[in-house]
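Below, each value reflects all heavy atoms present in this structure, side chains not excepted, and no hydrogens, waters or symmetry copies. Every chain is numbered from 1, with letters handed out A, B, ... down the list of sequences. This one's a predicted model, so the numbers in the text were calculated from it and none came from an experiment.
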There are 2 protein chains.
Amino acid sequence: MSTHIAPRGLPTLRQVAETAGVSLKTASRALNDEAHVAPETSERVKQAAAALGYRPNLLARDLRSHSTSNVVGMVIADASNPFYLAIALAAGQVLAAQGLLLFTGVSDEDPDAEARVISGFLERRVAGLLIVSSRTNHPQLQQGHAERGMPTVFLDRPARGLEVDEVLFDNVGGSRAAIDHLLAQGHRRIGVIGDLGSLPTHRERIAGVRRALAEARVPVDEDLFVTDAHDASGAESAMRELLALPSPPTAVFTTNNRMAAGGLRAVADTANPPALIGFDGLELADILGISVVSNSPADMGTRGAEMLLERIHGRAGRRRRVRLPTELVVRRSTATPLE
Amino acid sequence: MSTHIAPRGLPTLRQVAETAGVSLKTASRALNDEAHVAPETSERVKQAAAALGYRPNLLARDLRSHSTSNVVGMVIADASNPFYLAIALAAGQVLAAQGLLLFTGVSDEDPDAEARVISGFLERRVAGLLIVSSRTNHPQLQQGHAERGMPTVFLDRPARGLEVDEVLFDNVGGSRAAIDHLLAQGHRRIGVIGDLGSLPTHRERIAGVRRALAEARVPVDEDLFVTDAHDASGAESAMRELLALPSPPTAVFTTNNRMAAGGLRAVADTANPPALIGFDGLELADILGISVVSNSPADMGTRGAEMLLERIHGRAGRRRRVRLPTELVVRRSTATPLE
DNA sequence: TTGAAAGCGTTACCAT
DNA sequence: ATGGTAACGCTTTCAA
């Protein structure tokens, strides 16, 4: 723990009570607007509280009352991606409407950090958990929380081996739509630039690609599939490698917004850039004319928060697994059929 | 005595102690790795804890021990802007290295929501506060926290009337650099598209513009200054209005990244777009060739967290007000001098 | 090395 | 309508 700190000397309920000349319990009742307090007593207590700058100690309250706190904890894996912010923002709005506060911790794709953040929430007895996980297993949650009834919803990435609700995108369907579109434009050599191969999201998107190609009986050239390009500059290199192949792809599918940004950078100064399509929204994609499989992080946040609220309010029953739809948005980057 | 059931059936330290066949205090000592516990006793306690899925209740611990919690609360005003995420991410990394957790709450530019989030943190007795405020006054913080020693650092926006540390950008200097650059390129009719006029950041940036123009003895045409375009689509309309003027500007300065995105959208299909320069980084600005006054939200987060840590560790003394530098990055959008 | 008791600030229960 | 007392789960203090 951290070093010693000067005492903060915040007033307690007892001091408020003394100042107002009432008992501890009466002060408590007055400040909580409970019944059976004379209006003038209540007024006197509230003035005393204001004068002293009193603030309830929620640690003590939650400890005693066993009421779950009004905080929902959210863990996001990657804060450098506005995509996850959009989820958190939407979720926060839904929760705020119910008087719940959303506090967000960042794991930065580090499983240990994620465990620490979740522990922090759990040990402070939050009312529920929203998790964009960077893990494939969840011993903490298995051990006693999610499975003993801590309301929990996984977002964007599945909860492996855990009986909890989840909200994911239709990654397979979205990828298939992207590839089908490229095939329809006449492309047969289709490159793919993907994020970390360990990410379930990535895997599903790749699965969609393979399925689309298989159904169209287009042979798969593994050299055209680059994976583990975990940031924009990795994607940029990946794109350069693809274009330097003896027989380069005529179209490239980037599996998320960051891969798209990197890929784009690599072709920005190219004479004959390949057709380009991405997954996820991309800022300014409209101006740049980039086709995408678009999804709605806001919907994900909203839906996840709603499901969490139901659990917090006592909903029982089996896990629910929601798949949110995606939408193919065609722009300049794939508008021209291959000759 | 019947053993009580903890909320959600979580085991308590007492149950761990009973399972291990030791006293409450011994269990506490063992789990906290304090001295004076026989190794084998310690081992037995830890196994019991693991078997039961024990988690310490930090509410109880912090309540009793008066140790400040290991949580720092951060409030951000606008989560739809990746800029603030970048600040939070950097701050979180600095704090994590010291064993502190950063929890972030979003106010969405709503002063009441900000107050609620701050109350939530305060009432949970966080170790410190990082605040990107949407308020101009801070009665809560004045009343007893910031001024009684709750470590607090304001980021990006000043702490009006509050004696706390702050880290801001050199907004005036950055704007002046942008305008000086446009003037050097021969522009005399310079438009400005700004965010909410109530935002101090915005005001400072406008002040920088006026100062640069005044020093160059270029008369100010108020019709060219559009303000309160608080989102990208507002900025887009603003840009269209500017271009529709009888005597439109030859260059436009957008005072933040969102204004830039909107302005850009408006000129995307224009034959003779005005010169364009923005403030703040903008995703893909390099590809789009947009000049910017660039700043580093990561530096802001890092610096702010460092200053907060010093306060948490007991640093006394007057408030410190840091101004972080900006850098002019010239790209295609302002590369051509006006004929 | 270990344990019993007190207490943190609050709310719950049972009186008055 | 108001108040005393116990209790929440933990750490601190002091004793064994």
Quick check on D/dA1: is either OP1 or OP2 less than 4.0 Å from any side-chain nitrogen or oxygen of A/Thr41?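 Answer is no, no contact under 4.0 Å.
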Centroid-to-centroid, B/Phe121 to B/Phe103, below 6.0 Å?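 Between B/Phe103 and B/Phe121, which both carry aromatic rings, the centre distance is not below 6.0 Å.
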Would [X] and [Y] count as having a side-chain donor-acceptor pair, cut-off 3.5 Å?
| X | Y | result |
| --- | --- | --- |
| A/Arg311 | A/Thr152 | no |
| A/Gln93 | B/Asp108 | yes |
| A/Ser119 | B/Arg55 | yes |

Carboxylate-amine/guanidinium contact B/Glu34 B/Arg29, below 4.0 Å: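 Looking at B/Glu34 and B/Arg29, the cut-off is not met.
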Protein proximity profile, nucleotides 10-16 of chain D - base contact B, sugar-phosphate-only contact S, no contact -, cut-off 4.0 Å on heavy atoms: BBB----
Expressed as a whole number of angstroms, how long is the span from [X]:[atom1] to [N]:[atom2]?
| X | N | atom1 | atom2 | result |
| --- | --- | --- | --- | --- |
| A/His36 | C/dA15 | NE2 | P | 17 Å |
| B/Glu123 | C/dC8 | CD | P | 20 Å |
| A/Leu59 | C/dT10 | CG | C1' | 10 Å |

Should we say atom CZ of A/Arg320 is surrounded by more than 12 heavy atoms from elsewhere, each under 6.0 Å from it?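 Yes - once you tally the heavy atoms of other residues, nucleotides and ligands closer than 6.0 Å, there are more than 12.
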